[in-house]
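FYI, side chains are in, hydrogens and waters are out, and symmetry mates aren't considered; it's all heavy atoms of this structure. Below, chains carry the letters A, B, ... as their sequence lines are ordered, and counting in each starts from 1.
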Amino acid sequence: MIPFQVELERVLLGFPRVSEFMQLAWSWPLVESIHFTGLTLLFGTIAAWDLRLLGVARHVPMMEFHRLIPFAMLGFAINVTSGLFFLMTYPDQYVYNPAFHLKMFCVLLAGVNAASFYLARREGIARLNGAVSIALWITVIVCGRMITFYRPSGCRPGEAVGLLAECIVR
Amino acid sequence: MSADPLFAWLEASAFSIWMRESPSLWAFPGILAAHTVGLGLLAGLNGALDLRVLGVAPGVPTDAFRRYLPLMWLGLWMNVVSGIALVIAYPTKALTNPVFHLKLGLIVMSLLVLRATLRKPTKTLAVLSLAGWAAAITAGRLLAYTCSRLMVDEICT
């Protein structure tokens, strides 16, 4: 996976205009604020839906709550975009960061979990889908916060031999 | 009158030192993460309620959101407790920053708007609530960039 990471870092570095914008005085805090607001929109609407799957407010037909899902998608789109802005500015800080790896893995699992809901559409599984979804999105938030505490530094000789490099490969 | 003696006393307390210096993930990083999860629960579910009041998901009675209130309370208390812990870690940094006072004001306003919404939901309140939480989140984010004094005897760099 290390050549993939090196390649990913190279691709992400190919957006100098984004990177220049992000290095203006207030851009980084502004995009962070957007990322946190997007997080709130995504987590709040998805949690409202997941809680209904878990049986909260069960007197309301499930699909009525489903109308909140486009706003969860909007929050997700806001955060993919703002998140890419961070990655395009300092790709090595994310591509080699174990907290970021786990965060992306949980986002992927949340996608699989959502897909399994739409494919199965069974009451018993729906409850499980709701519980798994909330747990995964909480983990995504926690991992996002941990990124800054797991900033990678350059690899020493003999490092970067695992599944994913957790130090900066040069 | 300067609050510096109070800040100095807090910064010298065992809890403050543990928050700043412990390598444990349960110290500063964990409490910061809990603060963000609490934000998601409180402001996020409130945002879902606001969207409903604005006409999204009209088939869901507004009252159904009352079932979510216990989790919003949980989010609020998580953030009161984690927020106090974060202030004890860096009291000078937080309390000498006007943006921090603005953030607290925006949170109080948003909570009052939530209370009014639960009594009688209106679209004006919903817009005010969404704007209030977004502004509070932004103010919170800006704290890292607007501090002037990190500790009693240390300026922000």
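Only the side chain of A:His59 comes within contact range of chain B, judged by heavy atoms closer than 4.5 Å. With a 4.5 Å cut-off on non-hydrogen atoms, B:Leu49 does not touch chain A at all. For A:Phe36, the parts lying near chain B are the backbone and the side chain together; criterion is any non-hydrogen pair under 4.5 Å. Only the side chain of A:Arg145 comes within less than 4.5 Å of a heavy atom in chain B; its backbone stays farther off. For B:Leu51, the part lying under 4.5 angstrom from a heavy atom of chain A is the side chain only. Both the backbone and the side chain of B:Val37 come within contact range of chain A, with heavy atoms under 4.5 Å apart. Interface remark: A:Trp137 contributes no atoms to any contact with chain B (heavy atom separation under 4.5 Å). Both the backbone and the side chain of A:Val142 come within contact range of chain B, judged by heavy atoms closer than 4.5 Å. If you measure heavy-atom distances from A:Phe65 to chain B, the contacts under 4.5 Å come from both the backbone and the side chain.
Judged by distance alone, the side chains of A:Gln23 and A:Ser27 never bring a donor and an acceptor atom under 3.5 Å apart.
Under the 30°/60° scheme for interplanar angles, the aromatic rings of B:Trp18 and B:Phe15 are found to be tilted. The aromatic rings of A:Tyr90 and A:Trp28 sit tilted relative to each other, their planes meeting at an angle between 30° and 60°.
Ranked by non-hydrogen atom pairs under 4.5 Å with chain B, the options A:Arg67, A:His66, A:Glu32, A:His35 are led by A:Glu32.
Contact detail for B:Val99 and B:Ala139: the closest heavy-atom pair is CG1-O, 3.5 Å.
Here the OG1 atom belonging to B:Thr36 is positioned 11.0 Å from the CZ atom belonging to A:Phe43, to the nearest 0.5 angstrom.
Among A:Arg151, A:His101, A:Glu9, the one residue that satisfies the side chain to side chain donor-acceptor pair (under 3.5 Å) test with A:Tyr96 is A:Glu9.
Judged purely by atom type and a 3.5 angstrom limit, B:Thr146 uses its side chain to pair as donor or acceptor with the backbone of B:Leu142.
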